[in-house]
Amino acid sequence: MGILGTILGAGAMVGKLCGAFASTLSDTNAGRLTMRYTDHDGQTHLLSDTGLSIGDGSFITSKNETTGKVDHLLFNRSSENALEITRANVDDIKGDDPMSESLLIGPTDKGYIEPFYTNSHYPVDTFVQVVPVNEPTTFRGNALAAGGMIYTASFKNLVVDSENVKSGSYFQLNYNQGALFFSNVTLAPSGVAYLRVTAHNGIAFSNEVELPVLKTGNNYNCKYSFSEFGIKSGDVVDIDLRVLFGAAEASKIKQLQTKRGLKTAPINEHEMDFISQLHL
């Protein structure tokens with residue numbers, strides 16, 4: 001499978017995810033595993049399996065029975081590879097809210113994923129994807145400095161050689177005259193680690209060789225020929241790409257994610273025991 005080969009499907013997945021979360025806050029839980037534990041502060045928590053998992057990721061609900069607070073979590077059971085959960089860009093959204101988001105969940109960490117389906121700028125007919133991530137340590141043409149990171153973004157319905165752009169969390173994207181153009185950037189990309197193009201006429205291809213991104217004026221561009229694969233001006237394409245950011249930009253990303261409620265934390269000992277039982 002390619003780096004984006006593990007995908008949770010379209011809008012039905014988001015509805016199913018919300019429905020599963022809503023049905024897990026009971027002791028019976030329709031036969032699914034639950035576990036209650038008391039933490040070091042004396043607060044009681046109820047963990048519930050949603051029945052949804054993908055790869056090394058398990059969707060879990062955790063209710064603090066002392067405070068009543070409910071957390072919706074993606075547990076990464078892998079001790080080696082990270083998981084990344086991403087919301088794609090969506091069309092026709094107004095206002096200043098970001099149209100896509102991405103959160104990296106490290107090995108044996110958990111991600112708090114409410115913002116991926118509760119924020120008003122994320123309609124339920126958009127999709128969530130979860131991908132396994134084996135982070136590179138070097139990048140051809142661009143040294144991957146300590147603290148750098150890879151960000152997954154998905155853009156739908158780009159018109160080839162159009163001036164129209166699609167908005168993401170950290171930049172706008174279009175494809176024109178043989179290059180991907182990153183414009184109105186809030187964070188400067190330095191490379192593309194993966195690219196997949198799916199045209200609405202049935203053509204699809206991917207590139208797993210790292211590509212440099214170069215600054216041109218106020219914009220950045222990445223040269224890549226779609227025409228070699230039979231895609232013509234005016235064709236409509238969907239693009240998945242993994243963008244390299246340097247350490248300074250990675251630090252800004254983490255600050256923005258925290259501000260937007262996207263956060264991760266280590267899986268605690270009780271949760272680890274729970275998921276160990278879950279996957280016997």
Side-chain angles (χ1 to χ4, degrees), residues 1-10 13 54-57 78 80-91 99-105 126-142 144 148-162 164-183 189-214 220-245:
M1 275 191 169
I3 193 71
L4 291 175
T6 309
I7 296 179
L8 296 179
M13 182 58 219
I54 186 165
D56 289 318
S78 174
E80 297 179 356
N81 294 328
L83 281 177
E84 187 173 44
I85 182 168
T86 299
R87 174 75 75 165
N89 79 301
V90 291
D91 294 332
M99 295 186 191
S100 65
E101 200 57 85
S102 177
L103 179 66
L104 192 69
I105 303 172
T126 59
F127 69 85
V128 169
Q129 63 186 11
V130 177
V131 295
V133 177
N134 188 0
E135 290 297 327
T137 56
T138 59
F139 186 83
R140 191 181 69 176
N142 291 271
L144 185 58
M149 71 176 291
I150 298 287
Y151 164 74
T152 299
S154 300
F155 294 86
K156 304 297 176 184
N157 305 315
L158 279 83
V159 179
V160 173
D161 290 334
S162 169
N164 294 330
V165 298
K166 295 292 180 178
S167 292
S169 289
Y170 310 122
F171 52 82
Q172 293 179 317
L173 183 76
N174 71 343
Y175 181 83
N176 201 294
Q177 298 181 345
L180 289 162
F181 280 89
F182 302 81
S183 58
S190 58
V192 172
Y194 177 87
L195 171 69
R196 178 170 176 81
V197 179
T198 306
H200 291 199
N201 62 11
I203 296 173
F205 57 90
S206 61
N207 175 74
E208 299 189 32
V209 176
E210 297 91 344
L211 302 168
V213 171
L214 305 175
Y220 295 78
N221 72 80
C222 175
K223 297 288 186 182
Y224 199 83
S225 175
F226 289 7
S227 62
E228 292 181 6
F229 299 91
I231 292 179
K232 305 181 295 297
S233 283
D235 285 348
V236 181
V237 298
D238 300 335
I239 295 179
D240 296 303
L241 69 165
R242 290 176 56 74
V243 181
L244 172 68
F245 288 106

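In this chain, numbering begins with 1 at the start of the sequence shown.
Of all heavy-atom pairs spanning L104 and A82, the tightest one is CD1-CB, 3.8 Å. Looking at every heavy atom in both residues, G57 comes nearest to L83 through CA-CD1, 3.5 Å. The two residues F171 and A153 have their closest heavy-atom pair at CZ-CB, 4.4 Å. Taking every heavy atom of both residues into account, C222 and V192 meet most closely at SG-CG2, 4.1 Å. In plain terms, the two heavy atoms of I231 and A199 that are nearest each other are CD1-CB, 4.0 Å. In plain terms, the two heavy atoms of Y194 and S206 that are nearest each other are OH-CB, 3.6 Å.
Using a 4.5 Å heavy-atom threshold, the side chains of D235 and I203 count as separate. With a 4.5 Å cut-off on side-chain heavy atoms, F205 and F226 count as touching. No side-chain heavy atom of S190 sits under 4.5 Å from any side-chain heavy atom of F245. Taking 4.5 Å as the limit, every side-chain heavy atom of V243 sits out of range of all side-chain heavy atoms of Y170. Two residues are said to be in side-chain contact when any heavy atoms from C-beta on lie closer than 4.5 Å; L211 and Y224 meet this criterion. Under the 4.5 Å side-chain criterion, counting only non-hydrogen atoms from C-beta, V159 is not in contact with N164. Side chains of R196 and D238 form no contact here, defined as non-hydrogen atoms less than 4.5 Å apart.
For the atom pair CG (L214) and OH (Y220), the distance works out to 10.5 Å, reported to the nearest 0.5 Å. Remark: S233 OG to Q177 CD distance equals 9.0 Å, nearest 0.5 Å. With values rounded to the nearest 0.5 angstrom, K156 atom NZ is found 7.0 Å from T198 atom OG1. Distance NZ/K223 to CG/L180: 10.5 Å, rounded to 0.5 Å. Remark: N221 CG to S183 OG distance equals 11.0 Å, nearest 0.5 Å. Note: I239 CD1 to L173 CG = 5.5 Å, rounded to the nearest 0.5 Å.
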Derivation and outcome, side-chain contact (heavy atoms from CB on, under 4.5 Å), residues N157 and H200: CA-CA 8 Å; N157 305 315; H200 291 199; 2.9 Å; yes
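Qualifying side-chain hydrogen bond (donor to acceptor under 3.5 Å, both in side chains) partners for N174, counting only residues two or more places apart in sequence or in other chains: none. Scored by the ring pair (Phe, Tyr, Trp, His ring centres under 6.0 Å) test, F181 finds no partners at all (sequence neighbours excluded).
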